[in-house]
Amino acid sequence: MTVELYYLTLSAELAAILWIPYIMAFFVVWGIVPTLSYPADPPELPAWAQRSQRAHLNLLECLAPFAVLVIAAHLLDVSTSNSVLGATLFF
């Protein structure tokens, strides 16, 4: 496995768990029952939870093009110091 594929895997794993803080904020701020029923007038979530959601959405938005580039480079057997740096910076 190339370094680029390794960072792609780490990025996908990060995307898979980055939603957890945002969802946990619902339970902390709203409580269990209102979260499961979605209240009509919900209290606002803290800034860190909103930032967590934006970070998750941003990663999801950028992950597909990054994956295409990494997989194409892997199939073409291209692994340079610049591609490794790019994958590292993306992660």
Side-chain angles (χ1 to χ4, degrees):
M1 178 174 2
T2 63
V3 175
E4 295 91 342
L5 285 175
Y6 176 72
Y7 280 116
L8 175 61
T9 305
L10 287 179
S11 297
E13 290 173 356
L14 180 62
I17 64 168
L18 200 55
W19 59 271
I20 294 173
Y22 177 67
I23 298 302
M24 293 308 294
F26 280 105
F27 287 108
V28 171
V29 173
W30 294 2
I32 293 175
V33 174
T35 298
L36 296 177
S37 63
Y38 200 78
D41 188 26
E44 189 170 326
L45 292 176
W48 64 266
Q50 294 174 13
R51 176 66 188 121
S52 174
Q53 181 199 26
R54 289 191 309 270
H56 181 243
L57 293 175
N58 185 43
L59 181 57
L60 290 179
E61 196 173 271
C62 297
L63 190 60
F66 175 63
V68 169
L69 290 174
V70 168
I71 292 170
H74 177 70
L75 292 175
L76 295 172
D77 201 27
V78 175
S79 182
T80 65
S81 60
N82 287 336
S83 65
V84 170
L85 177 63
T88 306
L89 290 176
F90 179 84
F91 179 70

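Contact annotation: the side chain of Ile71 approaches that of Leu8 to within less than 4.5 Å [non-hydrogen atoms, C-beta and beyond]. In this structure, Leu57 and Trp19 have side chains that are not in contact, with every pair of non-hydrogen atoms separated by 4.5 Å or more.
Linking Ile, Leu, Val, Met, Phe, Trp and Tyr whenever their side-chain heavy atoms come within less than 4.5 Å puts Leu10 and Phe90 in one cluster. Placement of Trp48 and Val29 in two distinct hydrophobic clusters is found when ILVMFWY residues are connected by side-chain heavy-atom separations under 4.5 Å, directly or transitively. Criterion: ILVMFWY side-chain heavy atoms under 4.5 Å apart, direct or through other members. Under it, Val84 and Leu76 are not part of a common hydrophobic cluster. Both Leu45 and Leu36 are assigned to one and the same hydrophobic cluster, defined by single-linkage of ILVMFWY side chains at heavy-atom distances under 4.5 Å.
Listed by chain and number, the residues in a side chain to side chain contact (heavy atoms under 4.5 Å, CB included) with Glu44 are Gln50 (sequence neighbours excluded). With sequence neighbours excluded, the residues that form a side chain to side chain contact (heavy atoms under 4.5 Å, CB included) with Phe27 are Ile23, Met24, Ile32, Thr35. In this view, Phe91 and Tyr7 satisfy the ring pair (Phe, Tyr, Trp, His ring centres under 6.0 Å) rule, not counting sequence neighbours. Taking Leu69 as the reference, nothing meets the side chain to side chain contact (heavy atoms under 4.5 Å, CB included) condition, with sequence neighbours excluded. For Phe26, the ring pair (Phe, Tyr, Trp, His ring centres under 6.0 Å) partners at least two apart in sequence or on another chain are Tyr22, Trp30.
In this structure, Ser37 contributes its side chain and Val33 its backbone to a donor-acceptor pair below 3.5 Å. Looking only at distances, a side-chain donor or acceptor of Thr9 sits under 3.5 Å from a matching main-chain atom of Leu5.
Under a 4.5 Å side-chain heavy-atom criterion applied to ILVMFWY residues, the cluster that includes Leu89 comprises Leu85 as well.
The two residues Ala15 and His56 come nearest to each other via the heavy atoms O-NE2, 3.2 Å.
One finds the CG atom of Leu18 at 12.0 Å from the CZ atom of Arg54 (value rounded to the nearest 0.5 Å).
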Stepwise side-chain contact (heavy atoms from CB on, under 4.5 Å) check, Leu63 with Ser11
CA-CA 8 Å; Leu63 190 60; Ser11 297; 3.8 Å; yes
